[in-house]
There are 2 protein chains.
Amino acid sequence: MESQPFAPLSESTYLILLSLAAGPQHGYAIMKSVADLSDGRMQLSTGTLYGAIKRLVNDGWIERFDEADYSGGRDRKAYRLTELGLRALNAEADRLRALLAAHVQVMAG
Amino acid sequence: MESQPFAPLSESTYLILLSLAAGPQHGYAIMKSVADLSDGRMQLSTGTLYGAIKRLVNDGWIERFDEADYSGGRDRKAYRLTELGLRALNAEADRLRALLAAHVQVMAG
DNA sequence: GCTAATATGTCGCCATACGACATGTCGCGC
DNA sequence: GCGCGACATGTCGTATGGCGACATATTAGC
């Protein structure tokens with residue numbers, strides 16, 4: 001458990017968390033959402049997706065969230081962002097801003 | 001243009017390239033420069049640094065650049081950014097901007 | 001009935017990050 | 001002239017993670 005600052009996130013992890021920040025979703029929906037959020041640049045393979053989900057659940061950044069009003073027979077497992085996951089996501093956005101600021105600074109100087 | 005010429009860079013790679021964008025430097029100087037650029041958040045280990053340098057030279061993103069006016073007996077190998085490396089760095093900055101824009105968009109909506 | 005899209009999951013390969021280790025030089029205080 | 005910390009470069013083994021390939025099942029539409 002890192003009470004310390006969050007480690008740099010990979011693009012996949014970042015986009016998955018961002019996806020879920022918009023609301024609970026199940027795996028397949030996350031895949032499409034990530035492609036959408038990245039303008040098609042990032043196409044998650046199922047290996048990456050479900051591997052990441054397992055890891056994120058384990059780290060307590062996301063959690064199972066099965067909607068009460070869902071009664072379809074189709075196999076679907078929804079997930080939502082936890083408080084910890086939201087903090088990680090926002091910390092990551094701050095890190096990206098710092099990285100960009102450094103870029104601007106170097107290019108200007 | 002190519003759909004995706006440059007893969008997402010790791011923070012280490014990005015900071016090393018950014019370091020060299022400010023001017024040619026040798027390995028040890030890059031280490032300190034990276035720590036400086038990231039406000040001390042990123043402390044490269046030598047394993048990461050020299051592994052990355054080897055890879056980046058191999059990919060043609062950076063190249064050896066030994067200053068003519070350097071005559072010290074101390075072992076120093078300087079590197080500088082190539083055109084390709086500069087393009088990769090700028091592409092990465094654009095990617096970061098897109099990632100941040102997506103964050104703002106999701107958080108606003 | 002067939003096919004594509006939906007949906008979840010595993011397996012193995014490979015690239016990368018990184019701590020630990022190895023080696024040597026240079027400047028400075030004592 | 002000796003020790004020591006900073007300078008400087010490099011290798012090695014391990015762990016993590018991304019990803020293509022494979023496996024399986026359901027549902028919608030033609």
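Reckoned from all heavy atoms, side chains included, excluding hydrogens, waters and symmetry mates. Numbers restart at 1 for each chain; the letters A, B, ... are given by sequence-line order, proteins then strands. Every value quoted in this text rests on a predicted model; they were computed, and no experiment measured them.
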### Query
Just checking S10(A): base, sugar-phosphate only, or nothing, at a heavy-atom cut-off of under 4.0 Å?
sugar-phosphate

### Under 4.0 angstrom between K32(B) side-chain N/O and dC7(D) OP1 or OP2
yes

### Task
Starting from C1' on dG18(D), measure out to CE on M31(A) and report it in whole angstrom.
15 Å

### Query
In terms of side-chain heavy atoms of Y50(A), which of dT9(D), dA17(C), dA7(C) is nearest?
dA7(C)

### Summary
The answer to which of L49(B) and Q43(A) contacts DNA chain D further toward the 5' end, by nearest nucleotide, is L49(B)

### Message
Looking only at the side chain of T48(A) (C-beta and beyond, no hydrogens), which of the listed nucleotides dC19(D), dT9(D), dT6(C) gets closest?
### Response
dC19(D)

### Message
So, OP1 or OP2 of dT16(D): does either fall under 4.0 Å of a side-chain N or O from R55(A)?
### Response
no

### Message
Measuring from the side chain of R76(A) (C-beta onward, heavy atoms only), which nucleotide among dT8(C), dC19(D), dA17(C) has the closest atom?
### Response
dT8(C)

### Query
Looking at side-chain heavy atoms only, is the closest gap between L18(B) and E92(B) below 4.5 Å?
no

### Message
Given dG10(D), dT10(C), dC19(D), identify the nucleotide with an atom nearest to the side chain of K54(A).
### Response
dT10(C)

#### Entry: Integer-rounded Å distance: dA15(C) P and E11(A) CD
20 Å

### Sugar-phosphate only, base, or nothing, as touched by G47(A) at under 4.0 Å among non-hydrogen atoms
base

### Message
In the structure I gave you, are the side-chain heavy atoms of H103(B) and L89(A) within less than 4.5 Å of one another anywhere?
### Response
yes

### Query
Would F6(B) and W61(B) count as a close aromatic pair, with their ring centres under 6.0 Å?
yes

### Side-chain donor/acceptor contact of T46(A) with base of dA23(D) under 3.5 Å
no

